[in-house]
Peer 1: 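Handing you this structure, nothing more for now.
The structure displayed is predicted, hence computed values, not measured ones. The sequence lines fix the lettering, A, B, ..., with proteins before strands; numbering per chain opens at 1. Quick note: numbers below take in every heavy atom, side chains included, and nothing from hydrogens, waters or symmetry partners.
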2 protein chains.
Amino acid sequence: MSIAKPASISATAALSAAARSASGAATQASLRERNLALVLTQVASSESPTSRADVAALTGLTRSTVSRLVDELVAAALVDEGDPVTGGQRGRPAVPLRPASGTLVGLGLEVNVWHVAASVVDLRGQSVSNRIVEGDFVDSDPARVLAQLAQVGIACLEEARAALPQLSLAGVQLALPGLVDGATLLRAPNLGWHDLQPLPPIRQALAAAGWDPGGYLWTANEADCAALTVLQGSRHDDLLYVSGEVGIGSAAIVGGQVMTGRHGWAGELGHVCVNDGGPLCGCGSHGCLEVYAGRRAILEKAGVDSLDALVAALRSGDARALGAVESAGHALAIAVSAALNLLDLPRVVLGGHLAVVFDWLRPTLTSELNSRVLSAPFSPPEVSAVSLDPAPAAVGAALAVRQRVLAAPASWMPARG
Amino acid sequence: MSIAKPASISATAALSAAARSASGAATQASLRERNLALVLTQVASSESPTSRADVAALTGLTRSTVSRLVDELVAAALVDEGDPVTGGQRGRPAVPLRPASGTLVGLGLEVNVWHVAASVVDLRGQSVSNRIVEGDFVDSDPARVLAQLAQVGIACLEEARAALPQLSLAGVQLALPGLVDGATLLRAPNLGWHDLQPLPPIRQALAAAGWDPGGYLWTANEADCAALTVLQGSRHDDLLYVSGEVGIGSAAIVGGQVMTGRHGWAGELGHVCVNDGGPLCGCGSHGCLEVYAGRRAILEKAGVDSLDALVAALRSGDARALGAVESAGHALAIAVSAALNLLDLPRVVLGGHLAVVFDWLRPTLTSELNSRVLSAPFSPPEVSAVSLDPAPAAVGAALAVRQRVLAAPASWMPARG
DNA sequence: GCGATAAGTTCATTCGTATAACAAATCTCA
DNA sequence: TGAGATTTGTTATACGAATGAACTTATCGC
C-alpha cells in the first residue's frame with residue numbers, strides 16, 4: 001500500500017491548536033500547564049502549609065521555576081500566601097502556601113432514589129455548604145427533578161457566597177445512579193430514567209441565577225463520585241469503594257484515579273454473580289450480589305422495614321437480623337474477592353447501608369476475603385467503612401470538580417497579556 | 001503545625017536530576033522525549049509506511065518539528081527511510097518511514113510448566129526468531145532452569161544475528177506463571193518456585209555471551225505478557241485476555257496498557273469464585289473458575305488425556321466431552337461477566353486451551369455474557385480466540401520490550417554531542 | 001515547459017526552565 | 001552585641017525545544 005493520505009486538513013489556527021492539544025503533542029504551553037498542576041497539587045496535597053522551597057524539593061523543579069509558577073497561581077487567586085513563620089528554624093523564614101479558600105469552588109449535585117443533594121467544596125477540599133432534600137424519586141419526571149435540583153444547587157451556592165463574597169464557580173458535576181456515557185444518562189433503573197441529557201437544563205437554570213459554569217459541567221456515576229470522599233488527598237491511593245445505596249455500586253481507585261472504564265460503566269459490583277442458581281435480580285440475571293446484600297434484600301430477610309430497626313435488631317441479638325447480615329457478608333465476600341483478585345487492590349471501603357451494619361459484616365467479610373483472595377497471604381486486604389454522610393455522592397462530585405482544577409489549573413487562570 | 005522541613009537533601013547534580021525525572025517535573029528534555037515517543041509510536045502504529053507530513057498531521061506537531069525529530073530517530077537507527085514513492089499523487093513525493101528492522105530487538109523469555117521459550121522481536125513487532133524447549137518443570141530447580149533458559153535466549157539471539165549482523169539488544173523481559181512483584185517472583189505454585197530473584201543469573205549468562213542488556217531487564221506475569229500478542233498496534237485497545245495454560249490467568253488491557261495492579265497481581269480470573277459450594281481448588285478456596293475450566297479439569301471431566309483427544313471427541317459429538325466444555329463455558333461466563341461488569345471492557349480474547357475448544361465454548365459463552373453483563377444491551381461484548389502460538393508469553397514479553405522502546409526512545413538513543 | 005501542489009528544510013522568534021549569582025531575613029555562637 | 005552561617009526567595013542570563021514563515025525540491029497536469 002502506498003503512503004496513506006489523510007483527508008485534507010484545513011489548517012485553521014484554532015483547529016490545528018485543538019488537534020494539537022487533543023492528541024498528545026507536547027508544546028511549551030503544555031509543559032507550563034503540567035508544572036503548574038504539579039505545584040498546585042503539591043500545595044494541595046500537603047497537610048501542613050508548604051513553602052516555595054519545599055515545593056521545589058518535593059517536585060524536583062528548581063526554586064526559581066517554582067517561585068514564578070507560585071506567583072502566577074497567587075495572582076490567579078488559586079493559592080494563598082500566609083505570613084512568614086518565624087520560629088525555630090535558622091535562615092530566612094518561609095512563606096506558607098495553601099490552596100486559596102473562598103475564591104473558587106466546585107458544585108456537586110446528586111440525584112438519588114430518596115433524595116436530591118448539593119454540596120459546595122473549596123480548593124482545600126473543605127465543605128463550604130451542603131443541602132439535601134428528601135423525597136421519592138422512583139419513576140419521577142426528569143425535567144421537574146432536575147429543575148428542583150438546580151434550585152437546591154443555587155441555594156447552596158448563595159449560602160456559600162453569603163459567607164464568602166468573592167466566590168466564583170469553577171464547575172459543576174452531577175452524580176447519577178446509573179449508566180452514564182459522556183454527557184448522556186443511558187439508564188438509571190431505580191429512577192426510571194433513560195436516554196437523557198441532564199446537563200443543559202442545569203446549565204440554563206444556573207446561568208439564569210447568575211452562576212454561569214461556562215463549559216465546565218460534567219456527569220458521572222454516583223458510586224464513582226462517592227468514592228472520592230474516601231481519598232484524603234493522598235496521591236497514590238488504591239482501593240475499592242463499595243456503595244450501598246438502593247442498589248450496590250462500586251468504584252475502583254487506581255493511583256488516585258477512579259477507573260471508570262471505556263464508557264464509564266465500570267464498577268457494577270452489584271451485578272456480579274455470587275450464586276448461579278440464586279433468585280432473579282432486577283437486571284434479568286440470577287443470583288447477583290444485589291439480591292443478597294442490597295438494602296431492600298437485607299431488610300426483607302431480616303424482617304424489618306428500616307435501617308434503624310435493623311441496627312436495633314442486630315444490637316438486641318435478633319437471630320433473623322444477624323442471619324440476614326451474615327448471608328449478605330458472605331455474598332459480599334464472594335463479589336469483593338472477585339474484584340480484588342482481578343484488580344489487586346489493597347483496601348476495601350464500604351459506604352451506605354453496608355457501612356451502617358459494618359460491625360456485624362466485618363467478621364465474615366475479613367475472614368472470607370483472607371481465604372478467597374489469592375494475594376491475601378502476602379498482604380491481607382484492609383477492610384473499613386466510611387463515616388456516614390447523608391449524600392456522599394454530592395460531596396464527591398464537588399471534590400471531582402476540585403480535582404479537575406488541581407489537575408489543569410491553567411484553564412482557570414486568566415489569559416496572560 | 002509549622003512548615004515541614006524535609007530531611008536535608010544533598011544537592012548532588014546527579015541526585016537532583018534523578019529526583020526530577022522520578023517525580024513528575026516537566027523539563028524541556030522530557031518534552032522532547034515525549035514528542036520523540038509520539039512520533040515513533042505514530043510511525044510504528046501505522047499499517048502502511050508514513051511520511052513526515054503524515055506524522056505531522058496526525059500528531060498535531062508542525063512539519064518542521066517532526067522533521068527534526070525524525071532525523072534524530074533515523075540517526076539513532078530507530079527509524080528507516082524508504083525510497084520516495086512516486087505514484088499517483090501530485091507534489092513532491094513523500095519519504096516513507098518505518099520502524100527500523102534489524103537494528104534493535106527485544107528478547108522475551110518464558111518459563112512455563114511444560115516448556116521454556118525465547119523470542120526475538122524487532123521494532124516493527126515482527127518475530128525474528130523463536131525457540132521452545134519442551135520439558136517438565138514442575139517442582140524444578142530455579143537455578144538450573146534459568147541457566148537453561150538463558151542458553152535458549154542466547155541461541156535465539158545468535159540465530160537472529162546470523163540473519164541481521166548489526167543487531168543490538170534493547171532489553172529482556174522474563175514471563176513467569178505466578179505472582180511477580182517488581183523484580184521478585186513471590187510464588188509460582190505450578191513450578192514450585194517462591195521468593196526468587198530470577199533476573200541476576202539471566203543477566204550474567206547473557207553478559208558472558210556478549211549480550212549485555214545493560215539495566216534493561218524486567219519481569220512480568222505470563223498472562224500479562226501473552227495479552228500483548230493480541231494488541232495489533234492499535235493504540236486505544238480495551239480488552240480482557242484470558243489465558244488458558246495449566247491454570248487460568250487473565251490480563252485486562254485498558255487504553256493499550258496492561259493493568260497490572262498495584263503489585264502486579266491483578267488478573268487472577270482463575271480464582272474468581274463461580275460456585276460457592278464447588279470443589280476444592282489448589283489455592284485453598286472452593287469453586288474457583290480453574291476447577292471448572294482449567295485444562296486438567298476439562299480433560300478429566302471429558303474422560304480424555306490430551307487436548308488433541310478432546311478435540312477429536314468433540315468433533316465426533318461425544319456427549320461427555322461436549323458436556324465438559326459446556327460446563328466450562330458456563331463457569332467461564334460467570335467469571336468473565338464479573339470482570340466485564342467491574343471493568344467495562346468491550347472485548348474478550350481467549351488463549352491457550354480455551355482457544356483450542358473455542359468453537360464449542362462460543363455459543364454458551366456469548367449468550368450467557370449477553371444476559372449477565374449489565375451493559376450488554378448497549379454494546380454486547382465481542383468474544384474471540386487467538387490463533388494458536390506454542391509460547392505466546394515469550395512473544396508477548398519481547399513485544400513488551402518493544403513497547404518500552406516506543407514509549408521512551410530517548411533512552412536508546414546516543415547522547416547528543 | 002509552466003504553473004499548481006505537496007514534502008521537506010532552514011532560520012529567526014518565542015517561551016519555559018536551568019543555572020548561578022544575589023538579596024533578604026533569621027539564627028548561632030563567640 | 002555583632003559577624004558568620006543558613007535558608008528563603010528573586011533576578012539576570014543562557015539554553016533548548018517548538019513555532020511560523022519563507023524557501024527549496026520534486027512531481028503531476030495541462
Peer 1: C/dC15 C1' sits how many Å from A/Asn35 CG, rounded?
Peer 2: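 The answer, rounded to whole Å, is 13 Å.
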Peer 1: Does B/Ser51 reach the main-chain N or O of B/Asp54 with its side chain, forming a donor-acceptor pair under 3.5 Å?
Peer 2: yes
Peer 1: Rounded to whole angstroms, how far apart are CG on A/Asp83 and P on C/dA24?
Peer 2: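 After rounding, the gap between these two atoms is 20 Å.
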Peer 1: Can you check the B/Glu81 CD to C/dA7 P distance for me, whole Å?
Peer 2: 15 Å
Peer 1: Between D/dG29, C/dG16, C/dT9, which nucleotide has the shortest distance from any of its atoms to the side chain of B/Arg90?
Peer 2: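 The closest nucleotide is D/dG29.
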Peer 1: Measure from CZ on A/Arg32 to C1' on D/dT19 and round the result to the nearest Å.
Peer 2: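 My rounded result for the distance is 17 Å.
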Peer 1: Between A/Gly91 and A/Leu36, who's closer to the 5' end of DNA chain C by nearest nucleotide?
Peer 2: A/Leu36
Peer 1: Quick one: on DNA chain D, does A/Gln28 or A/Asp71 contact a more 5' nucleotide (nearest heavy atom)?
Peer 2: A/Asp71
Peer 1: Please tell me if A/Thr65 has a side-chain N or O lying less than 4.0 Å from either OP1 or OP2 of C/dA18.
Peer 2: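 So the side chain of A/Thr65 is within the cut-off, an N or O lying under 4.0 Å from OP1 or OP2 of C/dA18.
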Peer 1: Counting heavy atoms from C-beta on, name the nucleotide in C/dA7, C/dC15, D/dG9 closest to the side chain of A/Ser51.
Peer 2: D/dG9
Peer 1: Could you check A/Leu174, A/Leu107, A/Val401, A/Leu199 and say which one makes a side-chain contact (heavy atoms from CB on, under 4.5 Å) with A/Leu217?
Peer 2: A/Leu199
Peer 1: Please give, in whole Å, the distance from D/dT8 P to A/Leu97 CG?
Peer 2: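 Checked: the CG to P distance equals 12 Å.
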Peer 1: Side-chain N or O of A/Arg52 less than 4.0 angstrom from OP1 or OP2 on D/dT10?
Peer 2: yes
Peer 1: Are A/Arg98 and A/Asp80 within salt-bridge range, i.e. N to O under 4.0 Å?
Peer 2: no
Peer 1: Can you check the B/Leu38 CG to D/dA17 C1' distance for me, whole Å?
Peer 2: 14 Å
Peer 1: Flag yes if more than 12 heavy atoms outside A/Arg124 fall under 6.0 Å of its CZ atom; otherwise flag no.
Peer 2: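 Buried by this count: over 12 neighbours within 6.0 Å.
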Peer 1: If you only use heavy atoms from C-beta on, which nucleotide in D/dT8, C/dG8, D/dG20 is closest to the side chain of B/Ala94?
Peer 2: C/dG8
Peer 1: Need to verify one output field. Residue with the more 5' nearest nucleotide on DNA chain C, B/Pro93 or A/Arg92?
Peer 2: B/Pro93
Peer 1: From C-beta outward on B/Ala53, which listed nucleotide comes closest to its side chain: D/dG16, D/dG9, C/dG8?
Peer 2: C/dG8
Peer 1: Rounded off to whole Å, could you give me the CZ-to-P distance for the A/Arg63 and C/dA21 pair?
Peer 2: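 From A/Arg63 CZ to C/dA21 P: 13 Å.
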Peer 1: With B/Glu81, which residues qualify under side chain to side chain donor-acceptor pair (under 3.5 Å), at least two apart?
Peer 2: B/Arg52
Peer 1: For the base of D/dG20, is there a side-chain donor-acceptor partner from B/Ser64 under 3.5 Å away?
Peer 2: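 Yes.
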Peer 1: Nearest nucleotide by nearest heavy atom, which residue falls closer to the 5' end of DNA chain D, B/Pro84 or B/Leu69?
Peer 2: B/Leu69
